[in-house]
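Structure first, commentary second.
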Amino acid sequence: MAGGAQEFVEADNAEAIITRIEHKSRKIESLLKQSRPVEALKTALEGAPPKTRDERCKSATWIVVHRAIMSIKDVDGMFSSLDPEYYDILMKYLYRGLSTGDRPTCDQCLRIHEKLTEKAGLGCILRCLADTGNTV
């Protein structure tokens, strides 16, 4: 059990994680201004979720991922450019989005969820639900 705990950073390193998330957020905003939403989503998902139990870090990452998710207009087009390596982590964030209860967020997450399930299959859902140690 102690080995698993070492994979996570301590709260005193949370500030460094927050700084990296802020940098990532600026990069994502730049990509969105360039009308590159899929690149913004890839950037948001890279390195996510942070290896910490600090809720500030998880919330800050969710805000960045949410911004990218909400910018996607062409869901089918997104999957033609999104590498399969991102599917499982995207599914986790879609479930986080659904848990907000916010209507526009839930609508967007459901649209993406439907296409992601078609593309990645039920295994993506099962891996997401089974991975309780790497929560978003």
Side-chain angles (χ1 to χ4, degrees):
M1 184 116 177
Q6 292 173 350
E7 294 176 14
F8 291 90
V9 299
E10 298 301 321
D12 57 344
N13 291 326
E15 293 307 318
I17 294 172
I18 295 286
T19 300
R20 285 195 303 272
I21 295 167
E22 288 169 349
H23 174 73
K24 185 186 283 194
S25 178
R26 287 189 294 274
K27 184 175 179 183
I28 288 166
E29 287 304 321
S30 175
L31 289 166
L32 292 176
K33 287 177 185 172
Q34 297 169 37
S35 298
R36 296 170 58 195
V38 177
E39 289 301 314
L41 182 60
K42 287 179 184 178
T43 300
L45 294 174
E46 286 170 2
K51 298 280 189 220
T52 180
R53 291 186 174 93
D54 189 295
E55 286 303 317
R56 296 172 303 154
C57 296
K58 291 182 182 290
S59 293
T61 302
W62 162 243
I63 290 167
V64 169
V65 172
H66 177 259
R67 175 76 176 100
I69 286 173
M70 296 305 287
S71 72
I72 300 293
K73 303 297 179 226
D74 178 10
V75 176
D76 288 320
M78 175 188 77
F79 284 108
S80 67
S81 324
L82 190 66
D83 300 324
E85 68 186 82
Y86 295 103
Y87 291 174
D88 288 1
I89 191 62
L90 176 58
M91 186 65 80
K92 283 180 174 260
Y93 281 105
L94 293 178
Y95 285 125
R96 173 139 186 189
L98 290 169
S99 74
T100 66
D102 175 63
R103 181 68 184 255
T105 299
C106 290
D107 288 349
Q108 179 73 341
C109 287
L110 284 172
R111 273 191 295 277
I112 296 172
H113 185 278
E114 177 185 17
K115 298 296 182 183
L116 179 56
T117 304
E118 286 174 14
K119 190 87 168 162
L122 296 177
C124 185
I125 295 171
L126 294 173
R127 286 186 298 275
C128 171
L129 296 176
D131 183 7
T132 58
N134 204 14
T135 60
V136 299

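Keep in mind that this is a model prediction, so the values were computed, not measured.
- For the atom pair CG (Leu94) and NZ (Lys115), the distance works out to 14.0 Å, reported to the nearest 0.5 Å.
- With hydrogens and angles left out, the side-chain atoms of Thr19 and Glu15 include no donor and acceptor closer than 3.5 Å.
- Contact check on Lys24 versus Glu29 returns no salt bridge, with no Lys/Arg side-chain nitrogen under 4.0 Å from an Asp/Glu carboxylate oxygen.
- Looking at heavy atoms from C-beta onward, Arg111 lies in side-chain contact with Asp107 at the 4.5 angstrom threshold.
- Minimum heavy-atom separation, Ala68 to Leu41: CB-CA, 3.7 Å.
- Residues Leu82 and Val65 share a single hydrophobic cluster, defined by chaining ILVMFWY side chains whose heavy atoms lie under 4.5 Å apart.
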* To do: Assess whether side chain to side chain contact (heavy atoms under 4.5 Å, CB included) is satisfied between Glu46 and Ile89, documenting all intermediate values.
  => CA-CA 9 Å; Glu46 286 170 2; Ile89 191 62; over 6 Å; no
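- A 4.5 Å side-chain heavy-atom check between Thr61 and Arg96 finds every atom pair outside the cut-off.
- Using the six-membered ring where Trp is involved, Tyr93 and Trp62 have ring planes that are parallel, under 30° apart on the 30 and 60° scheme.
- Between Tyr87 and Phe79, the gap from one ring centroid to the other is short of 6.0 Å.
- A donor-acceptor pair under 3.5 Å is formed between the side chain of Lys42 and the backbone N or O of Ser81.
- Looking only at side-chain heavy atoms (C-beta outward), Glu22 and Arg26 come within less than 4.5 Å of each other.
- Put simply, the side chain of Arg36 never gets that close to the backbone of Leu31: no donor and acceptor are under 3.5 Å apart.
- Taking SG of Cys128 as the start and CG of Leu116 as the end, the distance is 9.5 Å to the nearest 0.5 Å.
- Cys109 approaches Gly97 most closely through the heavy-atom pair SG-CA, 3.8 Å.
- Taking hydrophobic clusters as Ile, Leu, Val, Met, Phe, Trp and Tyr residues chained together by side-chain heavy-atom distances below 4.5 Å, Met70 does not share a cluster with Ile63.
- Judged by distance alone, the side chain of Glu118 and the main-chain N or O of His113 form no donor-acceptor pair under 3.5 Å.
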* To do: Quick one: do Thr52 and Asn13 satisfy side chain to side chain contact (heavy atoms under 4.5 Å, CB included)? Show the steps, please.
  => CA-CA 9 Å; Thr52 180; Asn13 291 326; over 6 Å; no
* To do: Dump the intermediate steps for side chain to side chain contact (heavy atoms under 4.5 Å, CB included) on Arg67 and Leu32, then the final yes or no.
  => CA-CA 9 Å; Arg67 175 76 176 100; Leu32 292 176; 3.5 Å; yes
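- With values rounded to the nearest 0.5 angstrom, Leu98 atom CG is found 11.0 Å from Gln108 atom CD.
- Of the possible polar contacts, one joining the Lys92 side chain to the Asn134 backbone as a donor-acceptor pair under 3.5 Å is found.
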* Would Ile18 and Cys57 satisfy side chain to side chain contact (heavy atoms under 4.5 Å, CB included), going step by step from the backbone distance to the final call? -> CA-CA 6 Å; Ile18 295 286; Cys57 296; 4.0 Å; yes
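- Of the residues Gln34, Lys27, Lys33, the one that meets the side-chain contact (heavy atoms from CB on, under 4.5 Å) test with Ser30 is Gln34.
- With hydrophobic clusters built from ILVMFWY side chains whose heavy atoms lie under 4.5 angstrom apart, Leu45 does not share a cluster with Val64.
- Met91 and Ile72 fall within the same hydrophobic cluster, where Ile, Leu, Val, Met, Phe, Trp and Tyr residues are linked whenever their side-chain heavy atoms come under 4.5 Å apart, directly or through other members.
- In this structure, Ser59 contributes its side chain and Arg56 its backbone to no donor-acceptor pair below 3.5 Å.
- A continuous path of Ile, Leu, Val, Met, Phe, Trp and Tyr side chains, each step under 4.5 Å between heavy atoms, connects Ile69 with Ile125, placing both in one hydrophobic cluster.
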* Go through the steps to decide whether Asp54 and Lys58 satisfy the test salt bridge (charged side-chain N to carboxylate O under 4.0 Å, His left out), and finish with yes or no. => CA-CA 7 Å; Asp54 189 295; Lys58 291 182 182 290; over 6 Å; no
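- A distance-only check finds no donor-acceptor pair linking the side chain of Thr135 to the backbone of Thr132 [under 3.5 Å].
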